[in-house]
Amino acid sequence: MRRMTARPANAHQARLLRLLRDGGPRSRAELGDRVDLSRSKLAVEVDRLLETGLVVADGLAASRGGRRSHNIRLAPGLRFLGVDIGATSVDVAVTNPELEILGHLNQPMDVREGPVAVFDQVLAMVAKLRDSGVADGFDGAGIGVPGPVRFPEGTPVAPPIMPGWDGFPVREALSQELGCPVMVDNDVNLMATGEMQAGVARSVRDFFCVKIGTGIGCGVVVGGEVHRGTTGSAGDIGHIQVEPDGRQCACGNRGCLEAYFGGAALARDAEEAAREGRSPELARLLAEKGRLDAADIATAASAGDGTSLDLIRDGGARVGQVIASLVSFFNPGLVVIGGGVTGLGHTLLASIRTQVYRQSLPLATGNLPIVLGELGQVAGVTGAARLTSDHLFSPA
């Protein structure tokens, strides 16, 4: 059954809704301090929002001298769904209207199984969250996928690690299943949006968010808005060449960053080191498990394994090489490093920082923090919920 949710009638109402989402309940006077409206015009717009049911009165506000007014808050029954599809796992979460997570599930998944199988799994996870009582329906859903997205249509476009997904109508298909509007974006853009909403980038308007997972991508935020590019492929830094005529990459080119670092490349290099006898610790882990991943390299590195530490440092230097060029070009106020491979921790971060600070000019890096993301596994679903709330809280 489709859930019909009202939309704001104009930009003033949209601004008020987003203020309430990001700052929680406020009095009319506090709202008036934040928007350029006369008291009478503000009263009209708030009353109209109350009539839509998008906001409700929420107790008496603190006195500022004179008669106390009621606080206004977003309707507490609003629910947003965030889905973050990675290459090897999927996260699904339900949030309240202030984008606080009420329920969250994570499961392993292989995006190469194709959209039908993946969305069957996603819908089963959604049903489990519904059964837990956190939501009986949704006012909007945001979906992240690990590849370029044609944003206006909500369809993946030529995703290199997602066979069978090119042109698949994600927004249309899931909107029918979920009974609510659906927005679709690249997973790294949603990670950046999540960190901007509730993480380390809350007060930053211009920044990069680099996701190092199975592959490597970059969310680019300019003036507080995600920059997607003409065809949705902005930030695809994993396919910037770092080694002329270097290793073959899955995209078909040679020498790409992803061919040298990221979860897949790191696992391959670690297994090769184990088989060649360069690391007894990695060889032991490989014998136990039959395969290695980034977590195994982190385990070996924490035990002092020199080969694992070298793999992390070399990979971090290559990532830093690319980020340094981007910093010189864009001059961001912050660089956020996230994704599954960040479990490698401060060894990786130190290597990236060293390369960026060494290679970029001091004018660009003198006050440039390069930090790990704060939200970890829920950055993407938080960003997905923010994306769909932005849509709901925009004029119809």
Side-chain angles (χ1 to χ4, degrees), residues 1-7 17-18 20-25 52-56 58 73-86 89-109 115 118-146 154 170-187 189-199 202 338 373-394:
M1 181 176 176
R2 191 163 187 85
R3 187 153 157 168
M4 301 301 293
T5 308
R7 300 274 297 279
L17 290 168
R18 294 183 188 197
L20 292 170
R21 177 195 67 190
D22 298 338
T52 67
L54 285 169
V55 304
V56 297
D58 186 49
R73 65 161 296 176
L74 293 174
L78 290 173
R79 292 291 181 268
F80 299 117
L81 179 70
V83 178
D84 182 19
I85 298 168
S89 67
V90 58
D91 289 88
V92 178
V94 176
T95 79
N96 66 10
E98 289 80 25
L99 306 186
E100 297 166 332
I101 292 177
L102 304 177
H104 170 232
L105 295 173
N106 168 271
Q107 291 182 2
M109 176 276 309
V118 168
F119 286 131
D120 281 347
Q121 183 172 349
V122 167
L123 291 171
M125 295 168 74
V126 171
K128 187 177 293 188
L129 286 169
R130 275 180 165 150
D131 291 343
S132 74
V134 296
D136 56 8
F138 304 104
D139 299 283
I143 315 294
V145 297
V170 174
R171 186 172 69 189
E172 182 182 333
L174 281 186
S175 180
Q176 291 175 358
E177 292 286 348
L178 296 170
C180 67
V182 170
M183 303 296 290
V184 185
D185 204 350
N186 170 264
D187 63 340
N189 290 342
L190 295 185
M191 174 178 281
T193 303
E195 291 290 347
M196 182 168 53
Q197 174 66 29
R202 281 186 296 268
E374 281 184 1
L375 299 186
Q377 199 173 51
V378 300
V381 289
T382 301
R386 160 74 182 260
L387 176 68
T388 193
S389 71
D390 279 345
H391 172 71
L392 178 64
F393 296 157
S394 297

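We count residues from 1, following the sequence as given. Atom set for the values below is all heavy atoms of this structure, side chains included, hydrogens, waters and symmetry mates excluded.
With Q197 contributing its side chain and L387 its backbone, the two residues share no donor-acceptor pair below 3.5 Å. With R7 contributing its side chain and H391 its backbone, the two residues share a donor-acceptor pair below 3.5 Å. Distance alone, capped at 3.5 Å, places no donor-acceptor pair between the S89 side chain and the M109 backbone. Without hydrogens or angle criteria, E195 side chain to L375 main chain gives a donor-acceptor distance under 3.5 Å. Under a 3.5 Å cut-off, the side chain of E98 and the backbone N or O of G23 do not form any donor-acceptor pair.
In this structure, CG in L392 is found 14.5 Å from CZ in F138, a value given to the nearest 0.5 Å. Between atom CD1 of residue I143 and atom CZ of residue R171 there is a gap of 12.0 Å, rounded to the nearest 0.5 Å. Taken to the nearest 0.5 Å, the CE atom of M196 stands 13.5 Å off from the CE atom of M191.
Residue L54 comes nearest to L78 through the heavy atom pair O-CD1, 4.1 Å, listed as atom of the first residue, atom of the second, then distance. Contact between F80 and N96 at its shortest, heavy atoms only, is CD1-O, 3.9 Å. Taking every heavy atom of both residues into account, P97 and R21 meet most closely at O-CG, 3.3 Å. When every heavy atom of L129 is checked against every heavy atom of G103, the shortest pair comes out as CD2-C, 3.8 Å. Minimum interatomic distance between R18 and S394 (heavy atoms only, all atoms of both residues): NH2-OG, 2.7 Å. Here the closest non-hydrogen pair linking L190 and A384 is CD1-CB, 3.8 Å.
For T5 and R79, the side-chain atoms include no donor-acceptor pair closer than 3.5 Å.
Counting heavy atoms from C-beta outward, D187 and I85 have side chains that stay 4.5 Å or more apart.
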>> Would T388 and L81 count as a side chain to side chain contact (heavy atoms under 4.5 Å, CB included) here? Give the steps.
In response: CA-CA 8 Å; T388 193; L81 179 70; over 6 Å; no
>> I'd like to know whether L105 forms a side chain to side chain contact (heavy atoms under 4.5 Å, CB included) with V126, so could you lay out the CA-CA distance, the side-chain angles of the two residues, the decisive distance to 0.1 Å, and finally the verdict.
In response: CA-CA 9 Å; L105 295 173; V126 171; over 6 Å; no
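For I101, the side-chain contact (heavy atoms from CB on, under 4.5 Å) criterion is met by A93, T95, H104, V378, V381, T382, not counting sequence neighbours. V56 meets the side-chain contact (heavy atoms from CB on, under 4.5 Å) test with R73, A75, P76; sequence neighbours excluded.
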